Amino acid sequence: MKKLFGMFAVFTLMLLISACGSNNDDADADGNEGTGGEEGKVEIFSWWTGAGEEEGLLELIDLFEEENPDIEIENAAVAGGAGTNAKAVLATRMQGDDPPSTFQVHGGDELNKSWVAADKMEPLNDFFEEEDLMDKFPEELIDLVSVDGDIYSVPVDIHRGNPVFYNKEIFEENDIEVPTTFDEFFEVADELEEAGVTPLALGDKESWGATMIFENILLAELGPDDYIKLFDGEIPFTDDRVKESAEIFNKMLDYVNDDHSSRNWQDSAQLVADGEAAMLNNGDWAKGYFSNDLDMETNEDFGYFTFPETEGSFQIITDTFGLPKGVENVDEVEEFLSVLGSVEGQDAFNPLKGSIPARVDADKDEYDEYGQDAMDDFQDARLVPSLAHGSAASEGFLTKANQAVNILVTQGDVDNFIQALDDASEEM
Ligand code: GAL
């Protein structure tokens with residue numbers, strides 16, 4: 001039943017978007033708008049553009065072009081963190097039977113309940129066999145990109161959603177210890193505020209930035225098993241622990257920068273880099289941004305710790321690429337997926353992106369201390385799917401949850417918030 005609601009929501013979204021018409025200037029003589037299906041070309045659709053996002057992809061494209069000089073790559077990236085804009089453009093194109101050759105999609109519900117459920121993706125089991133990939137990814141990861149035994153995409157990375165990055169100098173100057181519990185977090189936050197520093201940087205111009213904080217509090221309060229049950233519909237959003245999470249979230253929001261609603265994730269990370277704010281909870285693409293765009297040294301300029309009370313859990317976000325039905329250049333797309341799924345491809349992309357390789361046999365030496373720690377945690381910790389990044393619930397639910405978070409951030413009404421989540425949960 002939930003599946004049906006989810007599919008209904010996706011189709012409604014797709015119809016709504018296509019009803020708005022398309023502005024794509026690239027329409028060719030046949031009326032085809034993208035270049036997704038053209039032979040000799042591979043169009044890669046993602047939201048990796050600009051600072052903190054695109055370097056890994058460009059490196060991967062370079063590697064592909066070296067190995068495949070006859071195939072042209074079209075980098076069709078649409079700006080906007082977490083795919084805020086790209087997902088809408090993609091929906092229009094998929095609805096109009098004009099898929100890109102391959103596109104960025106999160107493993108989990110975003111792939112499975114949207115594009116696989118709508119019968120828009122080709123299974124890649126043969127490709128996985130031919131490329132000898134079956135045992136190169138952790139089983140749990142293959143499960144996230146599979147439905148009924150069919151595999152639908154190739155994971156390029158594993159990002160983590162529950163690190164907190166912090167400005168080392170501020171912590172040292174104020175003699176502050178890393179907080180591991182919420183009580184400690186609020187003590188630290190008070191000390192920082194007294195010292196004239198914004199305790200927590202937030203950029204929720206796109207509300208997923210705040211949704212990430214809330215999902216980590218949920219993980220802390222419920223623990224990994226019940227967190228998973230919540231998004232499987234086995235625990236209701238009216239559960240006391242969800243309410244408690246909302247209260248803690250509301251309190252945390254008292255400690256963020258005033259201009260949070262006009263900042264995107266890079267702008268919020270910038271506050272920590274500049275020493276205006278002390279801590280940031282975001283995905284570890286922020287680590288890529290600190291290291292590669294802002295030239296900050298891991299464990300010298302910035303440090304990191306696990307979001308309070310979530311030690312032992314790994315909030316998993318995986319970017320994957322698949323083969324949409326109807327593209328004509330299947331061989332070329334598979335060539336690209338082959339590079340993206342190779343050790344070389346993953347080790348070119350991930351050190352720049354801040355993520356770790358999805359493959360189990362990549363070269364640990366390519367990664368700095370942060371990456372190596374994340375790899376160890378990934379092996380030992382309990383993996384839980386992120387809501388904010390499409391893995392835990394359908395796009396229909398996520399859209400409503402993001403709206404509810406946005407209203408909580410502006411109005412602070414916890415009861416309303418719980419009600420809105422509970423109402424939306426039918427669409428999970
Ligand atoms: C996530 C994505 C990451 C990163 C981030 C910020 O959804 O998985 O790769 O791009 O958004 O845009």
Side-chain angles (χ1 to χ4, degrees), residues 44-61 75-90 102-111 114 141 144-145 153-163 165 201-213 215-216 263-270 280-293 314-322 340 345-346 348-358 371 374 378 383-393 395 398-399 401-402 405:
I44 304 166
F45 186 92
S46 77
W47 57 86
W48 292 327
T49 166
E53 296 275 39
E54 73 181 358
E55 264 184 273
L57 176 64
L58 297 182
E59 192 72 14
L60 191 63
I61 291 176
N75 180 1
V78 175
T84 315
N85 309 317
K87 286 188 198 174
V89 174
L90 178 68
T102 186
F103 61 87
Q104 178 186 1
V105 60
H106 292 121
D109 285 0
E110 187 179 311
L111 168 69
S114 300
L141 194 59
L144 269 183
V145 295
S153 65
V154 185
V156 64
D157 66 23
I158 306 285
H159 272 299
R160 187 173 194 176
N162 60 328
F165 298 99
L202 174 64
D204 67 341
K205 188 172 170 188
E206 297 141 352
S207 52
W208 61 268
T211 305
M212 285 190 81
I213 299 178
E215 73 182 1
N216 282 324
R263 285 181 184 263
N264 63 19
W265 75 260
Q266 288 96 334
D267 302 331
S268 65
Q270 189 83 50
L280 169 78
N281 168 221
N282 211 268
D284 48 17
W285 40 90
K287 189 272 164 191
Y289 182 56
F290 286 147
S291 299
N292 302 312
D293 294 273
F314 191 112
Q315 186 81 252
I316 182 176
I317 297 152
T318 180
D319 294 300
T320 77
F321 287 78
L340 172 148
Q346 305 228 330
F349 176 89
N350 288 296
L352 293 170
K353 190 67 171 51
S355 40
I356 58 171
F378 180 66
L383 306 183
V384 297
S386 161
L387 166 68
H389 298 280
S391 299
E395 285 297 290
L398 173 57
T399 304
N402 276 334
V405 164

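Note: hydrogens, waters and symmetry copies are ignored here, and every other heavy atom, side chains too, is used. In listed order, ligands and their atoms are each counted from 1. Since the structure is predicted, the reported quantities are computational estimates derived from the model, not experimental observations.
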Non-hydrogen side-chain atoms of Ile158 and Arg160 separated by less than 4.5 Å: no
Can you name the atoms of ligand 1, numbered from 1 with element, that are less than 4.0 Å from a heavy atom of Ile317? 8 (O)
Distance filter under 4.0 Å to Gly81 heavy atoms, resulting ligand 1 atoms: 12 (O)
Do Phe290 and Asp284 make a side-chain contact, defined as non-hydrogen atoms from C-beta onward lying under 4.5 Å apart? no
Quick one: does Ala82 get an N or O within less than 3.5 Å of an N or O on ligand 1? yes
Just go through His389, Glu53, Lys353 and tell me whose heavy atom is the nearest to atom 3 (C) of ligand 1. Lys353
Tell me the protein heavy atom at minimum distance from atom 2 (C) of ligand 1, and give that distance in Å. Asp319 OD1, 3.4 Å
By ring pair (Phe, Tyr, Trp, His ring centres under 6.0 Å) - contacts of Phe45 (at least two apart): none
Please give me the minimum heavy-atom distance between Leu141 and Ile316, naming the atom from each residue. CD1-CD1, 4.1 Å
On a heavy-atom basis, the closest approach of Ser355 and Asn350 is OG-OD1, 2.6 Å
What about Trp285: any of its N or O atoms under 3.5 Å from an N or O on ligand 1? no
If you count the atoms of ligand 1 from 1 in the order shown, which ones are under 4.0 Å from a heavy atom of Trp265? 6 (C), 12 (O)
So, using salt bridge (Lys or Arg N to Asp or Glu O under 4.0 Å) as the criterion, who are the partners of Asp204 when residues are at least two apart? none
Does Asp157 reach ligand 1 with a nitrogen or oxygen that is under 3.5 Å from one of the ligand's nitrogen or oxygen atoms? no
For His106, counting its heavy atoms only, list the atoms of ligand 1 lying under 4.0 Å from any of them. 1 (C), 2 (C), 7 (O), 8 (O)
Purely on distance, is any nitrogen or oxygen of Trp208 under 3.5 Å from one on ligand 1? no
What residue among Glu110, His106, Gln104 forms side chain to side chain donor-acceptor pair (under 3.5 Å) with Lys87? Glu110
